[in-house]
Amino acid sequence: MKQWFAAGLLALAVGYTLYGLGTLTLVTASGRPAAGFFPLVIGALLVLACAINLWGDIREWRHAQRTGITPVHLADPEAEAKADALGVDAHAIDGGPEFGRDVLVVFLYICGFVALLNVLGALLAMLVFMLAYLFTFNRAHPVSNVIYSLALPAFLYGLFKILLNASLPLGPLGF
Amino acid sequence: MLAEIASNLSLGLSIAASPEGFLFLVIGAFLGMVVGLFPGFGPAAGIAVLIPMTFGLQPTIAIIMLAGIYYGSMYGGTITSILINTPGESATVASTIDGYPLAKKGRAGPALVMQAIASFFGGTIGVILITALAPSLANFAASFGPSEYFLIIAVGLLMLTTMMGDNKFKGFISALIGFAIGTIGVDVMSGQQRYTFGSPELIGGVYFVAVAIGLFGIGELLHCIFNGQHRQPATRLRISFRDKEFWPSRQDYYESRFTFWRGSAIGFVAGVLPGSGATLGSIIGYSVEKKIAKDPEKFGMGEMRGLVAPEAANNAASAGAMVPLLSLGIPGSGATAVLLGAFLMWGLQPGPLLIVNDPEFVWGLIASMYLGNMILIAMSIFAIPLFVKFLDIPYVNVVPVIVLLCVIGAFAINASIIETWILVLSGLVGFAMKSYGYSPAATVLALVLGGMAEETFLQTYIISQGTMSLFWERPVSLVLSILLLMIIAVPVTLSLMNRAKGATEPG
């Protein structure tokens, strides 16, 4: 997946640069940089950096394919890379399985939650999200799931809507 | 000079120690501890999500509370590093190296107390240095022009990316993504719309709080799920400060007596440098401590100095990162970038003039940090059984709290469903960035600073009539330009030298 993310970034970088070149003015009539100048500099650097990055990720992937060694799952790649650069071994937190499917399910539930905000209103959308999520990942405790699904949205709704007077989407029932 | 500082601090204390100030400081510190405790919800997301909750408060009180969350999370983040080998946030990764082995040796109590003392020490030294340096730096910075500001931003972001070791290209890309998002909206110089695709919602640009909550909140949360945090059972731990084994030994204090100072000094310097932040500060603190130790082989096996150094450093760094924020208006880390957003939301313009125009705010905030560190050390030691109790909550039940807070918090700021979708998209991008070694902090920093970088670059161009000579004609600019070139040239040269050395070595 790493190389696909890198490829996606490269595609976005190319799109950003080409769209900017097509729609923005690069220099003014007097020869000064215009609205498109800075985006063009960023776009060019982004395309170059993303291309090099993709090349590196593909090489890494090919190496893993050739040798059959799956890289160890890193718990915090950014912090660990910084530690590596300073000669500190912070890899004791690594290892363990990956739960990509669960990430996808939770992400889809979040999308559903946001899509329902304007349809059901904040309170009901929160309730639906909680029930869906808890009955997927915490099936062993149905009663506590229901209580929790009622209590947390009610508390947050009260906090944001009543106490802080924040504007939250209203549903067909008026809340 | 000392009399002036004392008078400023007493002004600040009159605000921070007022009943309202103190109450919200305690709330902020407590929330910070809790935010730090749960993996997947770091200080940046914590501050961003809780911004809407401060709407009814006075600006100074609101920022005092948000800052309490920021430095409080450094205390809380280490509890899980020590007890369950899971850093509450990136700045406490280095603390797991010796913290967890100490707990495995049955020394969890002393480790928790020493981390609290080190955090207090680092945090307080940091605030003392802010008190001494922020006004002088603000004075000095008053003479800065656009070229200096542009170079400071460039140096900060380049340092952040080059310090990412093998992932430096990913760090560089992360910063460029932030700049690219920052170009969306109306160009302030010409008034031309950029990348708005005709949408009126995008004319004002992408609102960074939604991006920050997405990258740091939803992104981190999805990463924790990817790591299987939600599948782990609750950790039932019991710790009491009444136990004899809870307290550190005399030897622990004696062996770490210089480590407190070294960690604090290193952390503060790392924090002041824009872009470095607490993560790097703690790793450098650990690395230096191990290098100068006579017995480096003990590090990683449960050595108290290996815990004290990063803890003092990350707290001093979190204080240090406030210096460029208050005196230059340039945040030093992802969390301070979100704080900058909160400042702007309250109509406060950080920079050299802030301390002159709004001394009650600046000194109120600084004084609150002294009090906050005192509150936090008391909480970290005497309320430790309470915070450890939080770990009884299975992570599967923590996930919906974070999701609801992020989504409702993002919507509540501007009542915008587009911004809520931006949060969701940023969450997905943040997850991928976190999982594949990119830097969400660099993205948020560049997003916040993008407009300023572009404006100052163009001003430099116009003032120097297209020659860019301001970059080397002014003394501070010249120093910064040389530093910038060194940051680029040194790693490249070292890499080429290593490659050449590898090629000449036999076998």
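In what follows, every chain begins at residue 1, and chains take the letters A, B, ... in the order their sequences are listed. All of these numbers come straight from a predicted model, not from anything done at the bench. Computed over heavy atoms, backbone and side chain alike; hydrogens, waters and symmetry mates excluded.
- For the atom pair A/F38 CZ and B/R194 CZ, the distance stands at 8.5 Å (nearest 0.5 Å).
- Both the backbone and the side chain of B/A180 come within less than 4.5 Å of a heavy atom in chain A.
- The 12-atom threshold is not exceeded at CZ of A/F155, counting heavy atoms of other residues, nucleotides or ligands nearer than 6.0 Å.
- Heavy-atom distances place the side chain of A/F37, and not its backbone, under 4.5 Å from chain B.
- Per-residue heavy-atom pair counts under 4.5 Å with chain A were compared for B/L222, B/I177, B/T183, B/L404, and the maximum is reached by B/L404.
- Proximity to chain A involves both the backbone and the side chain of B/F226, based on heavy atoms less than 4.5 angstrom apart.
- Your options are B/G450, B/S190, B/P400, and the one with the most heavy-atom pairs under 4.5 Å with chain A is B/P400.
- B/T420 OG1 to A/I110 CD1: the interatomic distance, rounded to the nearest 0.5 Å, is 12.5 Å.
- Residue B/F299: no heavy atom, backbone or side chain, is found under 4.5 Å from chain A.
- Taking the six-membered ring where tryptophan is involved, the planes of B/Y195 and A/Y19 are tilted, since the angle between them lies from 30° to 60°.
- Using a 4.5 Å cut-off between heavy atoms, A/Y16 contacts chain B through both its backbone and its side chain.
- Contact of A/T25 with chain B is made through backbone and side chain together, with heavy-atom distances under 4.5 Å.
- With a 4.5 Å cut-off on non-hydrogen atoms, A/A115 touches chain B through its backbone and its side chain both.
- For A/T23, the part lying near chain B is the backbone, with the side chain staying farther off; criterion is any non-hydrogen pair under 4.5 Å.
- The shortest heavy-atom contact between B/Y461 and A/P33 is CE2-CD, 3.0 Å.
- The shortest distance between side-chain heavy atoms of B/I408 and A/Y157 does not fall below 4.5 Å.
- For A/A6, the parts lying under 4.5 angstrom from a heavy atom of chain B are both the backbone and the side chain.
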* Could you walk me through whether A/M126 and B/V407 pass the side chain to side chain contact (heavy atoms under 4.5 Å, CB included) test, one step at a time? => CA-CA 10 Å; A/M126 283 195 271; B/V407 173; over 6 Å; no
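- A/F113 touches chain B through its side chain: at least one heavy atom from C-beta onward sits under 4.5 Å away, while N, CA, C and O do not.
- For chain A, the nearby part of B/F457 is the side chain; its heavy atoms alone come within less than 4.5 Å.
- For chain B, the nearby part of A/L117 is the side chain; its heavy atoms alone come within less than 4.5 Å.
- Using a 4.5 Å cut-off between heavy atoms, B/K434 touches chain A through backbone and side chain atoms alike.
- The candidate from A/A13, A/G56, A/C50 with the greatest count of non-hydrogen atom pairs under 4.5 Å with chain B is A/C50.
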* Asked: Please walk me through it: do B/V401 and A/Y148 pass side chain to side chain contact (heavy atoms under 4.5 Å, CB included)?
  -> CA-CA 10 Å; B/V401 181; A/Y148 189 32; 3.1 Å; yes
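- Contacts between B/L458 and chain A at a heavy-atom distance below 4.5 Å involve the side chain alone, from C-beta outward.
- If you measure heavy-atom distances from A/F137 to chain B, the contacts under 4.5 Å come from both the backbone and the side chain.
- Heavy atoms of B/V288 lying under 4.5 Å from chain A are absent altogether.
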* Begin with the C-alpha distance, continue with both residues' side-chain angles, and end with the deciding distance and a verdict on side chain to side chain contact (heavy atoms under 4.5 Å, CB included) for A/D57 and B/K170. => CA-CA 11 Å; A/D57 284 355; B/K170 295 189 182 342; 2.9 Å; yes
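- The environment of A/Q65 atom CD is dense: over 12 non-hydrogen atoms of other residues, nucleotides or ligands sit within 6.0 angstrom.
- No other option in A/A34, A/C111, A/A122 has as many heavy-atom pairs under 4.5 Å with chain B as A/C111.
- Heavy-atom distances place the side chain of A/F129, and not its backbone, under 4.5 Å from chain B.
- Contact of A/L24 with chain B is made through backbone and side chain together, with heavy-atom distances under 4.5 Å.
- Interface residue A/I52: only side-chain heavy atoms are found under 4.5 Å from chain B.
- Heavy atoms of B/N397 lying under 4.5 Å from chain A belong to its backbone as well as its side chain.
- Atoms CD1 and CG, from B/I225 and A/L104 in turn, are 11.5 Å apart once rounded to the nearest 0.5 Å.
- For the set B/F179, B/F411, B/Y100, the entry with the most heavy-atom pairs within less than 4.5 Å of chain A is B/F411.
- Each of B/D187, B/V429, B/V403 has some count of heavy-atom pairs under 4.5 Å with chain A, and the biggest count is that of B/V403.
- Taking the six-membered ring for Trp, B/Y438 and A/F5 have ring centres closer than 6.0 Å.
- In this structure, chain A has heavy atoms under 4.5 Å from both the backbone and the side chain of B/S287.
- Proximity to chain A (any heavy atom under 4.5 Å) is restricted, for B/I462, to the side chain, taken from C-beta onward.
- Annotation: the span from B/F172 atom CZ to A/L45 atom CG amounts to 5.0 Å, rounded to 0.5 Å.
- Neither the backbone nor the side chain of B/S81 comes within contact range of chain A; no heavy atoms are under 4.5 Å apart.
- Interface residue B/I97: only side-chain heavy atoms are found under 4.5 Å from chain A.
- By number of non-hydrogen pairs under 4.5 angstrom with chain B, the leading residue of A/K2, A/M130, A/K161, A/R32 is A/K2.
- Using a 4.5 Å cut-off between heavy atoms, A/L9 touches chain B through its side chain atoms alone.
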